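Step one of this worksheet: look at the structure below.
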Amino acid sequence: MTSNSLPESIPRLRFAPSPTGYLHVGGARTALFNWLFARHYRGTLVLRIEDTDVERSTAEMVEGILVGLRWLGIDWDEGPYFQSQRMDLYREAAQRLVESGHAYYCFCTREESEQRRAQAQAEGGDPQYDRKCRAIPPEQAKARRDAGEAAAIRFAVPESGGTFFDDAVFGRVEFANSELEDFVLLRSDGGPTYHLSVVVDDIDMHMTHILRGADHLSNTPKQVMLYQALGAPLPVFAHVPLILGPDKTRLSKRHGATSVIAYKEEGIVPEAFRNFLALLGWTPPDSSQELMDDRAMIDLFDLSGIAKSNAIFDRGKLDWFNTEYIRACPAVQLLPLIEEEWKKVDLIPFQTSRDAMAATVDLVKPRARNLKDFATLFRAYFSDSFDVDPVAVQKFLKDNAVREMLVDLASHYEQETEFSEASTEKVLREFAAHKNVKAGLLINAARVALTGQGVAPSLFAVMANLGQERTVARLKNATNL
RNA sequence: GGCGCUAUCGUCUAGGGGUUAGGACGGAAGAUUCUCAAUCUUCAAACCCGGGUUCGAUUCCCGGUAGCGCUACCA
């Protein structure tokens with residue numbers, strides 16, 4: 001292990017996912033909190049991959065996590081470190097614990113101990129490991145080891161007393177030691193278990209704050225014992241309540257998307273997702289402040305704002321954040337994301353300049369719910385090949401006389417030398433008066449012909465944006481819808 | 001089962017010994033009439049239950065209940 005030479009004033013945090021192939025929502029929120037905390041206090045954020053379970057760890061599994069973090073916009077200062085490359089460290093630590101009497105060799109096979117566990121439980125007894133091997137004298141254990149007998153290393157939990165820690169969000173949490181079994185530190189194959197590798201790494205990497213999901217709350221006393229046995233100071237523990245599905249059970253695939261990438265694919269803007277996630281379990285000092293950019297979240301983030309109770313993932317609220325972000329975001333910033341959506345549907349916009357694209361994005365974005373809308377609902381604003389919503393036709397364009405009036409109107413527009421929002425409106429209203437129909441009738445009908453949709457921005461703004469040529473062509477096409 | 005944690009509108013939450021219990025999302029109604037998934041206005045909607053402490057508990061304490069978590073040679 002390296003020696004601790006870092007000033008205490010610089011917080012060191014870590015996000016330590018296991019390589020599950022994708023970044024799930026809960027992990028993303030944990031990562032975000034760590035990131036917000038680290039940035040707020042100008043600390044260091046370390047990424048560490050907990051891949052001690054070799055069977056479940058592949059490069060692709062790791063990549064999935066990184067992809068999720070990158071999309072979310074969470075960066076880190078150190079790492080990624082891989083626990084699989086630090087095995088010696090864990091073995092050494094386990095060895096030291098045996099030597100100091102804090103741990104012992106256990107020769108029970110997994111099957112044996114499981115069998116005895118099951119039996120004890122069946123007899124209504126304690127299902128904990130029966131500590132059989134704890135009684136083996138150290139010299140004898142060593143002899144058996146030297147003879148090549150396979151053994152795990154178990155931590156020797158004190159048989160009485162209690163272990164406590166002061167959690168930054170939950171306060172003091174205390175456990176009776178009798179509740180804790182002699183847990184395995186090092187498997188008989190020489191690989192560390194989670195408890196050993198986390199605390200060895202957290203000590204070695206000088207972590208000052210452990211911000212993680214509350215599912216680790218009950219595990220923490222074991223880790224506290226390890227810190228103590230290893231002679232290391234305790235970091236600040238801060239456990240964060242879990243995110244649940246709408247049915248109040250743990251968020252899982254049953255609830256739909258659990259990978260953050262699924263939200264990218266649904267057209268969610270990363271900033272909006274971050275904002276939404278941050279407010280799941282955290283509230284800024286002014287609780288009425290919900291829409292926040294990264295700067296505001298970083299400035300305001302603090303452990304004191306973290307809730308104790310679990311939160312339910314509310315998709316509706318996420319969509320609201322998303323619409324708010326799209327609306328507030330300048331079109332030029334949105335454009336790269338929108339272009340990705342266009343690519344997916346092979347849409348090549350007819351606009352000849354980015355300024356023109358941006359202007360059109362600005363026109364339609366108040367009605368956008370997600371990025372996909374720009375390639376689907378709003379397709380007609382960027383492409384001449386677009387679908388016409390049959391419901392809209394039914395509602396506004398079912399009358400043949402109206403369709404013909406649109407064609408008639410088109411020829412009026414064709415002759416205009418000016419083609420602005422004001423002039424197009426003037427022409428249409430005068431035309432309607434002539435025909436003795438309500439302007440609204442024509443406006444709604446023209447909307448469908450121009451955009452394929454029953455919902456759109458102000459019609460004349462749409463006309464001005466589309467330009468004279470396209471407006472005329474689409475109106476003339478009204479009889480074919 | 002044991003242990004731990006939690007409990008305010010449907011959801012995210014604020015608050016806190018005396019409040020009309022606040023905000024946001026969602027919902028409902030209305031306005032606008034050039035559509036609405038835009039905008040504006042209005043409304044409905046909560047302190048889990050039972051004891052205790054107290055002049056007074058939603059708030060503090062205890063118990064219950066419920067939910068979640070942990071209880072692996074997974075992380």
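The figures that follow rest on heavy atoms only: side chains count, while hydrogens, waters and symmetry mates do not. From a predicted model like this one, the values you see are computed outputs, not experimental measurements.
- Only the P atoms considered, B:C74 is 43 Å distant from B:G15, to the nearest whole Å.
- Sorted by first then second residue, the ring pair (Phe, Tyr, Trp, His ring centres under 6.0 Å) pairs that include residues 169-188 of chain A, not counting sequence neighbours, are A:Phe155-A:Phe183, A:Phe183-A:His195.
- A:Pro457 comes within 4.0 angstrom of a base, heavy atoms only.
- The base of B:G23 has none of its N or O atoms less than 3.5 Å from a complementary donor or acceptor on the side chain of A:Ser287.
- A:Pro284 comes within contact range of no nucleotide atom at all, as no heavy-atom separation falls under 4.0 Å.
- Residue A:Thr323 is classed as having no contact, given no heavy-atom separation below 4.0 Å to the nucleic acid.
- Distance from the side chain of A:Leu377 is smallest for B:A37 among the nucleotides B:U71, B:U35, B:A37.
- Applying the side chain to side chain donor-acceptor pair (under 3.5 Å) definition to pairs two or more places apart or across chains, those involving residues 441-460 of chain A are A:Asn444-A:Arg447.
- A:Gln468 meets the side-chain contact (heavy atoms from CB on, under 4.5 Å) test with A:Glu416, A:Phe419, A:Val472; sequence neighbours excluded.
- In this structure, A:Arg117 reaches the B:C73 phosphate: one of its side-chain N or O atoms is under 4.0 Å from OP1 or OP2.
- Taken residue by residue, residues 234-247 of chain A places heavy atoms nearer than 4.0 Å to RNA chain B at A:Leu242.
- For residues 304-313 of chain A, the pairs satisfying side chain to side chain donor-acceptor pair (under 3.5 Å) are A:Asp302-A:Ser304, with sequence neighbours left out.
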Got a list of protein N/O to nucleotides 39-50 of chain B N/O distances below 3.5 Å?
unit_1: B:U39; atom_1: OP1; unit_2: A:Arg327; atom_2: NH1; d: 2.4

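- Using a 4.0 Å heavy-atom distance criterion, A:Phe183 is classed as making no nucleic acid contact.
- A:Asn370 pairs by the side-chain contact (heavy atoms from CB on, under 4.5 Å) definition with A:Asn322, A:Lys372, A:Asp373, not counting sequence neighbours.
- Spacing of P atoms, B:U39 relative to B:G26, comes out at 10 Å, to the nearest Å.
- The base-pairing partner of B:C55, taking Watson-Crick or G-U wobble contacts with both distances under 3.5 Å, is B:G18.
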key: Test salt bridge (Lys or Arg N to Asp or Glu O under 4.0 Å) applied to A:Asp399 and A:Arg403, step by step   = CA-CA 7 Å; A:Asp399 188 350; A:Arg403 295 168 185 241; over 6 Å; no
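- Evaluation of the side-chain contact (heavy atoms from CB on, under 4.5 Å) rule for A:Arg116 yields A:Cys108, A:Glu112, A:Tyr129, A:Asp130, A:Lys132 as partners, not counting sequence neighbours.
- Partners of A:Glu149 according to the side-chain contact (heavy atoms from CB on, under 4.5 Å) rule, which considers only residues two or more places apart in sequence or in another chain, are A:Phe107, A:Arg144.
- Look at the C1' atom in both B:G63 and B:A46: the space between them is 24 Å, to the nearest Å.
- Partners of A:Phe382 by ring pair (Phe, Tyr, Trp, His ring centres under 6.0 Å), not counting sequence neighbours, listed by chain and number: A:Trp342.
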With the criterion being N/O to N/O and under 3.5 Å, what pairs connect the protein with nucleotides 61-65 of chain B, and how long is each?
none

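- Remark: the A:Lys308 side chain and the B:A7 base include no donor-acceptor N/O pair separated by less than 3.5 Å.
- Within residues 147-170 of chain A, the residues approached by RNA chain B to less than 4.0 Å at the level of any non-hydrogen atom are A:Ala152, A:Arg154, A:Phe170, in residue-number order.
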